[in-house]
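In this text, all values refer to a predicted model and were calculated from it rather than measured experimentally.
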Amino acid sequence: MDNESGVFNKFKESNDKFKESLISNVKGMLSLYEATQLRVHEEDILEEAFAFTTTHLKNISLAADTSPRLAKYIIEALEQPFHTGVPRLEALKYISSYEHQESRNDILLKFAKVKEVARAYFVEAQWFREGFVPLFDERMSNALISACCVLVPAATFIGIKEIAGIHAFEWLQSKPKVMISSFTILRLIADLVSHKAEQERGHVASVVESYMKEYGTTRTETAERFKIMITNSWKDINEESMRPTVAPLRLINVIVNIARIAEVYYKEVDGITNPEYLKDYVRKLFIDPIPL
């Protein structure tokens, strides 16, 4: 027996049988069951653990005092272990179960639910199908969600977890002004540059169309007013970056970089749709760097 599988000996009694006390800990049993899915050849203790957990989890799922929701989750786990499933589908299954746990963290749960983004896409699809042009504030509010203004920073924070603790995620969940301002800049700049081409190929009304309809402005007038909004958003970012917050400056810069990218990628054309316009930046950074 190798050292890795040997750690499971702590779950055994002196008679080499698995502890009966484990049976009452359903969460622990499920975790042990999932761990057995990583067993390899000649790992007898994990084979024993697999048989032990499978038998007792089946019994628990059939017990009269087991809630229907828990029974369903156990049965699904037995039929499709996480390790052998499709990660995204397994994540959805876990989220559905986790949101009903008393010990859940509502902040992390909300970040995990990308369905709020799916709803924003659905709203935009409805608007497009009906030819509806919403009011500017309504269009901006939905656009910030469809642009993943919370999820993108949250996913990035996970990648720098050494400084992104729970307080940083709670701060992000509060939708700080620096985040709203950065994504406002992204939305305004991107739509100014790309809305005409998008409308020609068929697209939901952008914030440009919404503003023009609501305020009766021309495209040129709308562009000038958007530039003022963008300038004001940068002022908000600067102010927020100077104030003490629970989020370290490095995390704040992650969000500010979204606005910076927008300023570069959409300077004159839609650089996302037409990446050839960005090749000069790529050449300067990676092909022709400043000589030492």
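Taking every heavy atom of both residues into account, Ser241 and Val256 meet most closely at OG-CG2, 4.2 Å. Taking all atoms of both residues into account, the shortest heavy-atom contact from Ala143 to Glu124 is CA-OE2, 4.0 Å. Across all non-hydrogen atoms, the minimal contact from Gly216 to Glu221 is O-OE1, 4.5 Å. Closest non-hydrogen pair, Ala259 versus Ile237, comes out as CB-CD1, 4.3 Å. Between Glu263 and Ile230, the shortest heavy-atom distance links the atoms OE2-CG2, 3.8 Å. For the residue pair Asp270 and Ser194, the shortest heavy atom distance occurs at OD2-CB, 3.7 Å.
Between atom CZ of residue Phe226 and atom CZ of residue Arg219 there is a gap of 9.5 Å, rounded to the nearest 0.5 Å. Taking CD from Glu79 and CD1 from Ile75, the interatomic distance works out to 7.0 Å, rounded to the nearest 0.5 Å. Rounding to the nearest 0.5 Å places CZ of Phe52 at 10.5 Å from OG1 of Thr54. Distance check, rounded to the nearest 0.5 Å: CD of Glu43 to CG of Leu38 gives 9.0 Å. A distance of 10.5 Å separates CD1 in Ile189 from NZ in Lys227, rounded to the nearest 0.5 Å. In this structure, the separation between CD1 on Ile45 and OG1 on Thr36 is 12.0 Å, given to the nearest 0.5 Å.
Criterion: ILVMFWY side-chain heavy atoms under 4.5 Å apart, direct or through other members. Under it, Met229 and Met179 are part of a common hydrophobic cluster. A continuous path of ILVMFWY side-chain contacts below 4.5 Å connects Ile258 to Val193, so both sit in one hydrophobic cluster. In terms of hydrophobic clustering, with Ile, Leu, Val, Met, Phe, Trp and Tyr side chains grouped at heavy-atom distances under 4.5 Å, Leu172 and Ile145 are assigned to different clusters. At a threshold of 4.5 Å between side-chain heavy atoms, the hydrophobic network of Ile, Leu, Val, Met, Phe, Trp and Tyr places Leu78 and Phe18 in one connected group. With hydrophobic clusters built from ILVMFWY side chains whose heavy atoms lie under 4.5 angstrom apart, Val264 shares a cluster with Tyr266.
Judged purely by distance below 3.5 Å, without hydrogens or angles, the side chains of Thr217 and Thr222 pair a donor atom with an acceptor atom. The closest side-chain donor-acceptor pair between Ser206 and Glu209 falls under 3.5 angstrom. In summary, the side chains of Arg250 and Asn253 do not present any donor paired with an acceptor at a separation below 3.5 Å, with no hydrogens or angles considered.
Under a cut-off of 6.0 angstrom, the local environment of CZ in Arg260 is crowded, with over 12 non-hydrogen atoms contributed by other residues, nucleotides or ligands. Atom OH of Tyr265 is surrounded by 12 or fewer heavy atoms from other residues, nucleotides or ligands within 6.0 Å.
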Glu48/Lys12 under salt bridge (Lys or Arg N to Asp or Glu O under 4.0 Å): CA gap, chis, key distance, verdict:
CA-CA 11 Å; Glu48 294 172 26; Lys12 285 192 166 187; 2.6 Å; yes

Original post:
Run the salt bridge (Lys or Arg N to Asp or Glu O under 4.0 Å) check on Arg119 and Glu116 step by step: do they pass?
Top reply: CA-CA 5 Å; Arg119 282 196 295 270; Glu116 58 184 48; 5.4 Å; no

Give the C-alpha distance, both sets of side-chain angles, the deciding distance and a yes or no for side chain to side chain contact (heavy atoms under 4.5 Å, CB included) between Lys58 and Ile74.
CA-CA 8 Å; Lys58 284 181 179 178; Ile74 292 173; over 6 Å; no

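Lys267 has its side chain out of reach of Tyr277: every pair of non-hydrogen atoms, C-beta onward, lies at least 4.5 Å apart. Taking the side chain as every heavy atom from C-beta outward, Lys27 and Asn25 approach each other to under 4.5 Å. For the pair Glu138 and Trp127, the minimum side-chain heavy-atom distance is below 4.5 Å. Using a 4.5 Å heavy-atom cutoff, the side chains of Val133 and Met212 are not in contact. Two residues are said to be in side-chain contact when any heavy atoms from C-beta on lie closer than 4.5 Å; Thr231 and Trp234 fail this criterion. Between Arg69 and Tyr73, every side-chain heavy-atom pair lies at or beyond the 4.5 Å cut-off. When side chains are defined from C-beta on, Pro134 counts as touching Phe132, because their heavy atoms get closer than 4.5 Å.
Between Phe136 and Tyr211, the ring planes lie perpendicular to each other; the angle is over 60°, past the 30° to 60° tilted range.
Not one N or O on the side chain of Glu34 forms a donor-acceptor pair closer than 3.5 Å with the backbone of Ser31. The main-chain N or O of Glu276 is never found under 3.5 Å from a side-chain atom of Asn274 such that the two would form a donor-acceptor pair. Without hydrogens or angle criteria, Thr66 side chain to Ser61 main chain gives no donor-acceptor distance under 3.5 Å. No donor-acceptor distance shorter than 3.5 angstrom exists from the side chain of Arg187 to the backbone of Val207, with no hydrogens or angles considered. Remark: the backbone N or O of Thr84 is paired with a side-chain donor or acceptor of Gln80 at under 3.5 angstrom.
The one candidate from Val178, Ile255, Ile252 that meets the side chain to side chain contact (heavy atoms under 4.5 Å, CB included) condition with Glu240 is Val178.
A cation-pi geometry, defined here as NZ or CZ lying under 6.0 Å from the six-membered ring centre and within 45° of its normal, does not hold between Lys19 and Phe11.
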